[in-house]
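Here's the structure we're looking at; comments come further down.
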Amino acid sequence: MHFTCTTPLYYANAAPHMGSAYPTIAVDCLTRYYRLLGYQVLMVTGTDEHGEKIATAALKQGLDPQTHCDQIAAEFQRLWQVLNIKYDRFIRTNDPRHAPVVQEFFQRVWARGDIYRAAYEGLYCVDCEEYKDPKDLIQDLCPIHRKPVFLRQEENYFFALSKYQTALEEHFARHPDFVQPVIRFNEVKGWLKEGLRDFSISRAAVRWGIPLPPDPEQTIYVWFDALLGYLTALLAPDDEPCLKNALAGGWPAVHVVGKDILRFHAVYWPAMLLSAGLPLPERIFGHGYLTKDGLKMGKSLGNVLDPFALVEEFGADAVRYYFLKEIEFGQDGDFVRTRFIHTLNADLANDLGNLLNRTLGLLRKNCNNQIPTVTIPLTDPLRQQTEAMTQQTAQAYEGLHFPRACESALEIARFGNGYIDQRAPWKLFKEGHRVEAEAVLYAVLEAVRIAAVLLAPVIPELSGRIWSQLGFAPAAYAQLTWATTEWGGLPSGQTVAQAVPIFLRLEQETLA
RNA sequence: GGCACUGUAGCUCAGCGGUAGAGCAAGCGGUUCAUACCCGCUCUGUCAGUGGUUCAAAUCCACUCAGUGCCA
């Protein structure tokens, strides 16, 4: 079974921000989960590098577009590295192997008779790379960018999107999960209800792009080009760049996209694929926006969240955990520093980290750092709770309910703390009930071990630290599978490592 | 304006027909094996409002108010 999941291909006009990091973290988490399950996984991310806006951005810095894109792509890759994103493919739409795929695709659509040439005159926003309807303008400015629009006339090539209205409606009806969450699907269906209009897929005035096969004077509209990046990305390193090879590489995929680009993914892209006679994506998930302290982030407000700085201060796992655990994927989410610190301390340091730490301490004092030889009965409450939570966590991941997944895994730690308190193994040892005491320690450590596996997609580094403290070799963790969530995987007699806090409490700076 | 969605404890949210829930925060008590941690107990709620359907409604329907999203 294969599982391919894509992040948006980020537009290479500016350095990455938290808004690009967020969906990438989510996709990384999801694909890590499917890797644990043993799927043949492909995580795809990359940059969208064509279009006038890129050329302009490059010019502003006195760079040629290529150099500019090289720098931006490198920044993204650096961010993915510090965030511990395990991507398989980083596709740049400027990759020499991309153009042949786009052109082949174009030819298929062309052969189908779905592309025609027509004159177009209208008000054009360079930042959107789109024509604007005069009624949508605000004081003659682009409503999105608040910048002047220009009267532009050109002969363009159009894609006959309107032909696919019915086919799309049928596909939506047959696949009730095609777009998630439902609220987003409703929006998409609403667009269809309003009727589809053909859209221009070429630009006469843009040089920085892929030439149109029938008319090399024009370039292919950046979105038409970018969406195909998802296919090019599937090519194996030594594949000939063609559609057949790309499709064989792991199509169809699940797309994770921001709600702002949902139209392109849920309407344009499926229609394009239908026209080319290719299978549609499996699912499209539209996530929400991030705010900071309840406010929209933006340069004008000066409240942008720099993901590099966050990782620098708190570490990759902390950042990953906060955004996955505290924000329902699909809804808008807020970043609040105090909440960030609270959550991490409560969940990772206090509940989970401290549980491991206190138990390892007991093991050192009483068992010479060795995992005792005991059998925990099926009826043991901690064992039962752990097994139940394992099921819940799996279900949560599959539904992309990351907060629920974290919550379920954490429930093991919460329960474990109650369990150890109630049984008080420190007292049992003193009173000479060695067997009972050892059983408690084993059960708790085993529960923590399993919780670490459940959380591995979210906090891979931390989970690894838990495993190594439990005495596992790095190779054992590197080859982790979901099967290791089965109770009893902690080998008796194994010597554990020295107990060091796996996650240090974050200091809450005192507020004036 | 049209079409959606949301409104539940101080905060973030779950529940979506059968006597109001979780986490965090707050208060009280306990414990010291542990990262000043953990455990137990407690607290606040006309489940936005009004009306309706039903033996029964936070849960279904209608309307009202407030907020949000989408409309190439």
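Protein chains get the first letters and strands the later ones, always in sequence-line order, with residue 1 at the start of each.
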Inset, instruction - Check A/V458 against A/D317 and note the closest heavy-atom contact, atom names and distance. - result: O-OD1, 4.4 Å
Legend entry - Length of the line joining A/I341:CD1 and B/A25:P, which is rounded to integer Å: 13 Å
Inset, instruction - Say whether, by atom type as modelled, one donor and one acceptor occur between the side chain of A/Y397 and the main chain of A/C29 under 3.5 angstrom. - result: no
Inset, instruction - Determine whether the side chains of A/N350 and A/R505 contain a donor N or O and an acceptor N or O closer than 3.5 Å. - result: yes
Legend entry - Among B/C38, B/A25, B/A34, the one nearest A/N417 by side-chain distance: B/C38
Legend entry - Euclidean distance for C1', B/G2 against B/A9 (whole angstrom): 37 Å
Legend entry - Value in whole Å for how far the P atom of B/U6 lies from CG of A/D332: 14 Å
Inset, instruction - For A/Y419 and A/D380, test the side chains for any donor-to-acceptor distance below 3.5 angstrom and give the result as yes or no. - result: yes
Inset, instruction - Quickly work out the A/D347 CG to B/C38 C1' distance and round it to whole Å. - result: 15 Å
Legend entry - Counterpart base for B/G29, defined by Watson-Crick or G-U wobble contacts under 3.5 Å: B/C39
Inset, instruction - Return yes if some donor-acceptor pair links the side-chain N/O of A/D351 with the main-chain N/O of A/R414 below 3.5 Å, else return no. - result: no
Inset, instruction - Classify the angle between the aromatic ring planes of A/F224 and A/F105 as parallel (below 30°), tilted (30 to 60°) or perpendicular (above 60°). - result: perpendicular
Inset, instruction - Would you mind telling me which residue lines up with the more 5' stretch of RNA chain B, A/N186 or A/T359, judged by nearest nucleotide? - result: A/N186
Legend entry - Between B/U35 (P) and A/L360 (CG): distance, integer Å: 11 Å
Legend entry - A/I502 vs A/K193, nearer the 5' end of RNA chain B by closest nucleotide: A/K193
Inset, instruction - Have a look at A/E187 and say if it touches a base, only the backbone sugar-phosphate, or nothing, with a 4.0 Å heavy-atom cut-off. - result: sugar-phosphate
Legend entry - Complement of B/U59, any strand, by Watson-Crick or G-U distances under 3.5 angstrom: none
Inset, instruction - Quote, to the nearest angstrom, the C1' distance that separates B/U53 from B/G29. - result: 49 Å
Inset, instruction - Look at all strands and tell whether A/D351 reaches a base, only sugar-phosphate, or nothing, counting heavy atoms closer than 4.0 Å. - result: sugar-phosphate
Inset, instruction - Report which part of the nucleic acid A/F503 touches: base, sugar-phosphate, or nothing (heavy-atom distance under 4.0 Å, all strands). - result: base
Inset, instruction - Determine the Euclidean distance between corresponding P atoms of B/C11 and B/A48; express it in Å to zero decimal places. - result: 14 Å
Inset, instruction - With the side chain of A/W191 defined as its heavy atoms from C-beta on, choose the nearest nucleotide among B/C39, B/U12, B/C71. - result: B/C71
Legend entry - Whole angstrom value for the distance that separates P of B/U68 from CD of A/Q331: 16 Å
Legend entry - Whole-Å distance separating the CD1 atom of A/I327 from the P atom of B/U12: 13 Å
Inset, instruction - Among B/C5, B/C33, B/A72, find the nucleotide with the atom closest to the side chain of A/R263. - result: B/A72
Inset, instruction - Indicate whether OP1 or OP2 belonging to B/C38 is found under 4.0 Å from a side-chain N or O atom of A/N350. - result: yes
Inset, instruction - Could you tell me whether A/L196 contacts a base, only the sugar-phosphate backbone, or nothing, with contacts defined as non-hydrogen atoms closer than 4.0 Å? - result: base
Legend entry - Under 3.5 Å on both distances, the Watson-Crick or G-U partner of B/G69: B/C3
Legend entry - B/G10 versus B/G49 - spacing of their P atoms, nearest Å: 14 Å
Legend entry - Under 3.5 Å donor-acceptor, A/R320 side chain and A/L83 backbone: yes
Legend entry - Length of the CZ-P vector between A/R339 and B/G10, whole Å: 17 Å
Inset, instruction - Have a look at A/R184 and say if it touches a base, only the backbone sugar-phosphate, or nothing, with a 4.0 Å heavy-atom cut-off. - result: sugar-phosphate
Inset, instruction - Return the nearest nucleotide to the side chain of A/E407; candidates are B/U35, B/A25, B/G23. - result: B/G23
Inset, instruction - Rounded to the nearest angstrom, tell me the gap between atom CZ in A/R364 and atom P in B/U35. - result: 9 Å
Legend entry - Span that lies between the C1' atom of B/G17 and that of B/C55, in whole angstrom: 12 Å
Inset, instruction - Indicate whether the side chain of A/Q395 and that of A/Q391 have a donor and an acceptor atom separated by less than 3.5 Å. - result: no
Legend entry - Inter-nucleotide C1' distance (B/U19, B/A58), Å rounded: 13 Å
Inset, instruction - Can you figure out which of B/A72, B/C24, B/U35 approaches the side chain of A/E194 most closely? - result: B/A72
Inset, instruction - Assign A/G195 to base, sugar-phosphate, or nothing according to its heavy-atom contacts below 4.0 angstrom with the strands shown. - result: base
Legend entry - Candidates B/A34, B/U35, B/C39 - which lies nearest the side chain of A/D421: B/C39
Inset, instruction - With heavy atoms under 4.0 Å as the rule, sort A/K365 into base, sugar-phosphate or nothing. - result: sugar-phosphate
Inset, instruction - Give A/G418 one of three labels, base, sugar-phosphate or nothing, depending on what nucleic acid heavy atoms sit under 4.0 Å from its own. - result: sugar-phosphate
Legend entry - Separation between the P atoms of B/C63 and B/C41, rounded to whole Å: 46 Å
Legend entry - Distance between C1' atoms of B/G23 and B/C33 (Å, rounded): 26 Å
Legend entry - Nucleotide paired to B/C13 in any strand shown, Watson-Crick or G-U, under 3.5 Å: B/G21
